[in-house]
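Please read the structure below before turning to the comments.
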Amino acid sequence: MKIATFNVNGINGRLAVLLRWLEEARPDAVCLQELKAPDARFPIRAIEQAGYGAIWHGQKSWNGVAILALGREPIETRRGLPGDPDDEQARYIEAAVEGLLIGCLYLPNGNPAPGAKFDAKRRWFARLAAHAAELLALDVPVILAGDYNVMPTELDVYKPERWVDDALFRPEVRAAFHALIAQGWTDALRARHPDARLYTFWDYLRHAFARDAGLRLDHLLLSPKLAPRLSAAGVDRAVRSWEKASDHAPAWIELAPARAARRRKPAG
DNA sequence: ATGTCGTTTTGTAAACGA
């Protein structure tokens with residue numbers, strides 16, 4: 001089973017890119033972020049014609065998240081992150097797909113830092129951690145995928161010293177990410193590629209992609225029940241080079257069938 | 001600072017957020 005996350009940066013402006021990638025990659029489930037469209041303008045017909053069922057949580061101009069499932073309808077379990085009734089930004093949606101609970105998230109950018117936006121990012125992160133802990137307590141297979149707007153370590157930044165004061169890399173935000181991991185989650189791409197420079201985002205400015213001046217911002221976190229099934233992970237870098245590309249590339253994982261996880265190798 | 005996208009609108013150019 002292949003599961004991907006992709007910040008599309010405008011689902012209507014990038015529809016041709018999304019459809020081409022769906023056709024080529026054929027992921028079984030997809031988390032999308034930055035739809036930048038209200039619910040009524042989600043291109044559900046084109047998505048269905050590509051073979052996918054979908055649920056979405058849209059918003060005019062900004063944010064917006066969706067979950068796609070190949071050949072089936074995702075069963076929505078949550079819309080919006082709990083913990084703040086005044087939060088009206090469309091940044092979280094959750095669904096059951098093929099026995100898997102999938103949380104799709106778009107964490108606030110938080111710039112400029114310090115400031116009100118940075119404080120809001122930290123509060124949203126705290127709410128995510130609280131909800132993530134509740135998901136772990138369910139003791140079911142869970143994946144939390146999306147644009148976390150965090151580079152977890154220096155290996156995830158083309159030039160770390162330039163980013164130390166940025167909301168995407170400040171110590172408070174990295175600490176929040178590592179505290180989340182410490183709950184028991186597995187950062188799937190890093191688990192499969194411990195030493196590789198893997199980026200999922202390249203700025204439109206200053207020919208960042210041509211220079212490979214990238215950041216790893218998009219992450220797939222696996223619950224303990226799911227982590228043993230991780231068989232492959234990667235980034236579809238080429239998508240970033242396509243015409244009218246998003247500034248993010250899709251990140252993906254492959255999971256072995258559930259029964260394979262029960263086979264244990266002898267210790268040692 | 002740089003400078004590039006998609007989006008929206010007291011709209012076809014400028015602002016905003018990323």
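A, B, ... follow the sequence lines: proteins, then strands. Residue 1 opens every chain.
Distances from the side chain of A:Asn109 to the nucleotides B:dA18, B:dT7, B:dA1 place B:dA18 closest. In the set B:dC5, B:dT8, B:dA18, the nucleotide with an atom closest to the side chain of A:Arg91 is B:dA18. The side chain of A:Pro38 lies closest to B:dT8, out of B:dT8, B:dT4, B:dT2. The side chain of A:Trp62 approaches B:dG17 more closely than any other nucleotide in the set B:dG17, B:dG3, B:dT2.
Residue A:Tyr106 contributes atom OH, which lies 12 Å from atom P of B:dG17 at whole-angstrom precision. Protein atom CG of A:Asp166 is 13 Å distant from nucleotide atom P of B:dA1, rounded to whole Å. Atom CD1 in A:Ile11 sits roughly 15 Å away from atom C1' in B:dT7 (whole-Å rounding). Whole-Å rounding puts the A:Phe209 CZ to B:dC5 C1' distance at 16 Å. In this structure, A:Arg211 places its CZ atom 10 Å from C1' of B:dT2, rounding to the nearest Å. The CG atom of A:Leu35 sits 19 Å away from the P atom of B:dG17 (whole-angstrom rounding). In this structure, A:His207 atom NE2 and B:dC5 atom P are separated by 10 Å, rounded to whole Å. The separation between A:Asp218 atom CG and B:dA18 atom P is 15 Å, rounded to whole Å.
For A:Phe169 and A:Trp163, the distance between ring centers is not under 6.0 angstrom.
Taking for each of A:Asn149 and A:Arg14 the nucleotide of DNA chain B with the nearest heavy atom, the 5'-most of the two is the partner of A:Arg14. Along DNA chain B, the nucleotide closest to A:Lys117 and the one closest to A:Gln59 are compared, and the more 5′ of them pairs with A:Gln59.
Note on A:Asp87 versus A:Arg127: salt bridge recorded, some NZ/NE/NH1/NH2 to OD/OE distance being below 4.0 Å.
A side-chain contact (heavy atoms from CB on, under 4.5 Å) with A:Phe6 is found for exactly one of A:Leu32, A:Asp147, A:Asp218, namely A:Leu32.
Residue contacts for A:Arg41: at a heavy-atom cut-off of 4.0 Å it reaches the sugar-phosphate backbone alone, with no base atom in range. The residue A:Asp247 sits apart from the nucleic acid: no heavy atom pair falls under 4.0 Å.
Spacing of C1' atoms, B:dT12 relative to B:dT7, comes out at 15 Å, to the nearest Å. Look at the C1' atom in both B:dG6 and B:dG11: the space between them is 16 Å, to the nearest Å. Taking the C1' atoms as reference points, B:dC16 lies 15 Å from B:dG3, given to the whole Å. Nucleotides B:dT10 and B:dA14 have their C1' atoms positioned 13 Å apart, rounded to a whole Å.
Taking the O4'-C1'-N9-C4 or O4'-C1'-N1-C2 dihedral as appropriate, B:dT10 has a value more than 90° from 0 and is therefore anti.
A cation-pi geometry, defined here as NZ or CZ lying under 6.0 Å from the six-membered ring centre and within 45° of its normal, holds between A:Arg170 and A:Phe118.
Under the 4.5 Å side-chain criterion, counting only non-hydrogen atoms from C-beta, A:Phe177 is not in contact with A:Thr153.
Close to B:dT9, at under 4.0 Å from its OP1 or OP2, lies a side-chain N or O of A:Lys60.
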Assess whether side chain to side chain donor-acceptor pair (under 3.5 Å) is satisfied between A:Asp166 and A:Asn111, documenting all intermediate values.
-> CA-CA 7 Å; A:Asp166 192 277; A:Asn111 276 307; 3.0 Å; yes
